[in-house]
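Quick notes on the structure that follows.
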Protein chains: 2
Amino acid sequence: MAEREQDLSIGQVAERTGLSVHALRFYEQEGVMFGPVRRGPGGRRVYGEQDVGWLNLCVVLRGSGMPLPEIRRYTELARQGPGTERDRLALLLRHREAVDAQMEQLRRCREIVDHKVRVYEDALDGAAALAEADAAGPARPGLGRSA
Amino acid sequence: MAEREQDLSIGQVAERTGLSVHALRFYEQEGVMFGPVRRGPGGRRVYGEQDVGWLNLCVVLRGSGMPLPEIRRYTELARQGPGTERDRLALLLRHREAVDAQMEQLRRCREIVDHKVRVYEDALDGAAALAEADAAGPARPGLGRSA
DNA sequence: GCTTGATCTCGAGTCGACTCGAACTCCTAG
DNA sequence: CTAGGAGTTCGAGTCGACTCGAGATCAAGC
């Protein structure tokens with residue numbers, strides 16, 4: 001049997017996807033592989049480039065907060081093939097909105113943190129300048145509790 | 001004792017912060033309150049506006065992925081008052097970087113999802129147009145496995 | 001033949017952040 | 001006086017996503 005050029009062991013797939021070997025088996029069990037994973041001699045898993053591609057998509061979706069059950073649903077729809085495009089699109093649109101919401105939340109947080117950073121930097125600069133001028137100025141108070 | 005205008009019950013604080021009553025007690029126990037929470041008659045917690053402000057900051061930090069132990073560390077530094085500004089600033093800078101990294105990851109993910117959305121929309125539009133023209137065109141294949 | 005390292009299955013353990021429930025105390029309204 | 005609702009403490013339970021470990025198997029190199 002011609003062993004295809006692209007055949008990969010679970011370890012190689014782990015390297016290429018950034019997932020652990022354990023996680024790969026776990027994902028398979030959770031039904032997020034596109035199709036059944038081929039097995040080589042000795043029952044070892046054999047992956048193709050397609051599997052790697054699918055897994056990398058899964059990694060992206062996970063990395064943006066999609067829970068595994070939802071990824072499984074998407075996988076099932078894709079597996080069913082033609083006729084499920086509308087559902088797949090709807091799922092992706094929902095996820096895109098979730099991603100947008102996350103980005104918005106992060107943006108707001110970043111602004112607040114940024115503001116605090118500036119306040120601290122100004123205060124420390126001020127204190128440094130004071131120390132330079134006065135050689136004994138204690139740090140300015142009032143940076144504590146208030147947001 | 002003059003009951004201050006701003007005194008709030010745990011339930012009111014829950015409303016104002018979006019945290020649950022349970023979570024508020026949990027946060028207190030985890031040491032992320034700025035100071036010890038006052039107690040009213042019958043041992044009930046009494047919060048002031050300052051507490052709400054601090055909690056809202058905690059909510060923002062949590063919402064951007066800062067783990068509770070790190071929030072506790074920040075709280076301890078703030079509690080110690082003057083002299084810890086440099087450490088607080090360093091902590092905030094680190095967190096800002098973490099936030100930036102998250103945003104970057106989300107941005108990349110969003111692009112990928114967006115691309116897939118466009119592909120599906122085009123395909124569905126095409127199918128719709130086909131159906132209009134041909135009245136029997138099946139959905140275009142090739143939307144399955146490839147990323 | 002023997003060791004080494006990767007793989008296999010299966011079940012259990014971990015971690016973070018809450019969440020829940022039980023049993024009790026209070027205050028207020030009717 | 002009593003019923004309801006909000007509060008208290010404490011410990012246990014939950015959830016998601018892995019992670020880990022034990023014990024067995026397999027392929028290659030010395």
Side-chain angles (χ1 to χ4, degrees), chain A residues 1 3 7-33 36-48 51-52 55-75 95 98 102 105 109, chain B residues 1 3 7-33 36-48 51-52 55-75 95 98 102 105 109:
Chain A
M1 195 167 279
E3 186 174 293
D7 282 358
L8 298 167
S9 74
I10 195 170
Q12 291 173 311
V13 173
E15 264 178 37
R16 277 169 180 65
T17 59
L19 294 164
S20 75
V21 168
H22 284 295
L24 283 170
R25 290 192 278 251
F26 175 70
Y27 274 29
E28 180 181 342
Q29 174 180 325
E30 291 296 294
V32 298
M33 294 303 293
V37 178
R38 275 182 294 144
R39 296 302 180 115
R44 301 192 167 191
R45 289 171 179 82
V46 178
Y47 298 83
D51 294 311
V52 174
L55 280 166
N56 278 329
L57 172 60
C58 292
V59 167
V60 165
L61 295 176
R62 275 294 303 126
S64 51
M66 186 183 286
L68 277 182
E70 186 109 350
I71 299 184
R72 171 166 52 220
R73 220 179 97 63
Y74 183 71
T75 305
H95 184 57
Q102 279 184 80
Q105 184 179 11
C109 160
Chain B
M1 195 167 279
E3 185 173 294
D7 282 358
L8 298 166
S9 73
I10 196 170
Q12 291 172 312
V13 174
E15 263 177 39
R16 276 168 180 65
T17 59
L19 294 164
S20 75
V21 168
H22 284 297
L24 283 170
R25 290 192 279 247
F26 175 69
Y27 273 30
E28 180 180 343
Q29 174 181 324
E30 290 296 293
V32 298
M33 293 303 293
V37 178
R38 274 181 294 143
R39 296 303 180 116
R44 302 192 165 192
R45 288 171 179 82
V46 177
Y47 298 83
D51 295 310
V52 174
L55 280 166
N56 278 330
L57 173 61
C58 292
V59 166
V60 165
L61 295 176
R62 275 294 303 126
S64 50
M66 186 182 285
L68 277 182
E70 186 109 351
I71 299 183
R72 169 166 53 220
R73 222 179 96 63
Y74 183 70
T75 304
H95 183 59
Q102 279 183 80
Q105 184 178 13
C109 160

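Chain A is the first sequence line, chain B the second, and so forth, proteins listed ahead of strands; every chain is numbered from 1.
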message = On a heavy-atom basis, which atom in A:His95 and which in A:Ser64 lie closest, and how many Å separate them?
response =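 Shortest heavy-atom contact: NE2-OG, 2.8 Å.
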ask   = Which heavy atom of B:Leu55 sits nearest a heavy atom of B:Val13, and at what distance?
value =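 Where B:Leu55 meets B:Val13 most closely, the heavy atoms are CD1-CG1, 3.7 Å.
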Using atom [atom1] of [X] as one end and atom [atom2] of [N] as the other, report the distance to the nearest whole Å.
{"X": "B:Arg25", "N": "C:dA17", "atom1": "CZ", "atom2": "C1'", "value": "16 Å"}
{"X": "B:Glu28", "N": "C:dC18", "atom1": "CD", "atom2": "P", "value": "15 Å"}
{"X": "B:Glu15", "N": "D:dA6", "atom1": "CD", "atom2": "C1'", "value": "12 Å"}
{"X": "A:Gln29", "N": "D:dC20", "atom1": "CD", "atom2": "P", "value": "17 Å"}
{"X": "B:Asp7", "N": "D:dG7", "atom1": "CG", "atom2": "C1'", "value": "16 Å"}
{"X": "B:Leu24", "N": "C:dC18", "atom1": "CG", "atom2": "P", "value": "10 Å"}
{"X": "A:Glu30", "N": "D:dT19", "atom1": "CD", "atom2": "C1'", "value": "14 Å"}
{"X": "A:Met66", "N": "D:dG16", "atom1": "CE", "atom2": "P", "value": "16 Å"}

message = Taking any heavy-atom pair under 4.0 Å as a contact, classify B:Gly42: base, sugar-phosphate, or nothing.
response =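 Nothing, no nucleic acid heavy atom in range.
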query = With the threshold set at 4.0 Å, does a side-chain nitrogen-carboxylate oxygen contact exist between A:Glu28 and A:Arg39?
reply =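 Counted as a salt bridge, because a side-chain N and a carboxylate O are separated by less than 4.0 Å.
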query = Any Lys/Arg nitrogen of A:Glu30 or A:Arg73 sitting under 4.0 Å from an Asp/Glu carboxylate oxygen of the other?
reply =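 So A:Glu30 does not pair with A:Arg73 through a salt bridge.
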With a 4.0 Å limit, can you tell me whether [X] has a side-chain N or O closer than that to the phosphate oxygens OP1/OP2 of [N]?
{"X": "A:Ser9", "N": "C:dA6", "value": "no"}
{"X": "B:Arg62", "N": "C:dC18", "value": "yes"}
{"X": "A:Arg45", "N": "C:dT9", "value": "yes"}
{"X": "A:Arg44", "N": "D:dC26", "value": "no"}
{"X": "B:Arg39", "N": "D:dT9", "value": "yes"}

Given [options], identify the nucleotide with an atom nearest to the side chain of [X].
{"X": "A:Tyr27", "options": "D:dC18, C:dC8, C:dC18", "value": "D:dC18"}
{"X": "B:Phe26", "options": "C:dT7, C:dC18, D:dG21", "value": "C:dC18"}
{"X": "B:Ile10", "options": "D:dT8, C:dT7, D:dC18", "value": "D:dT8"}

request  = Tell me, with the steps shown, if A:Asp7 and A:Arg38 meet salt bridge (charged side-chain N to carboxylate O under 4.0 Å, His left out).
outcome  = CA-CA 10 Å; A:Asp7 282 358; A:Arg38 275 182 294 144; 3.2 Å; yes
inquiry  = Go nucleotide by nucleotide along DNA chain D from the 5' end; which of B:Gly11 and A:Ser20 gets its closest nucleotide reached first?
reply    =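 First, find each residue's nearest nucleotide; the 5'-ward one identifies B:Gly11.
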message = Both B:Gly65 and B:Pro41 contact DNA chain C. Which one's nearest nucleotide lies toward the 5' end?
response =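 Nearest-nucleotide comparison on DNA chain C picks B:Gly65.
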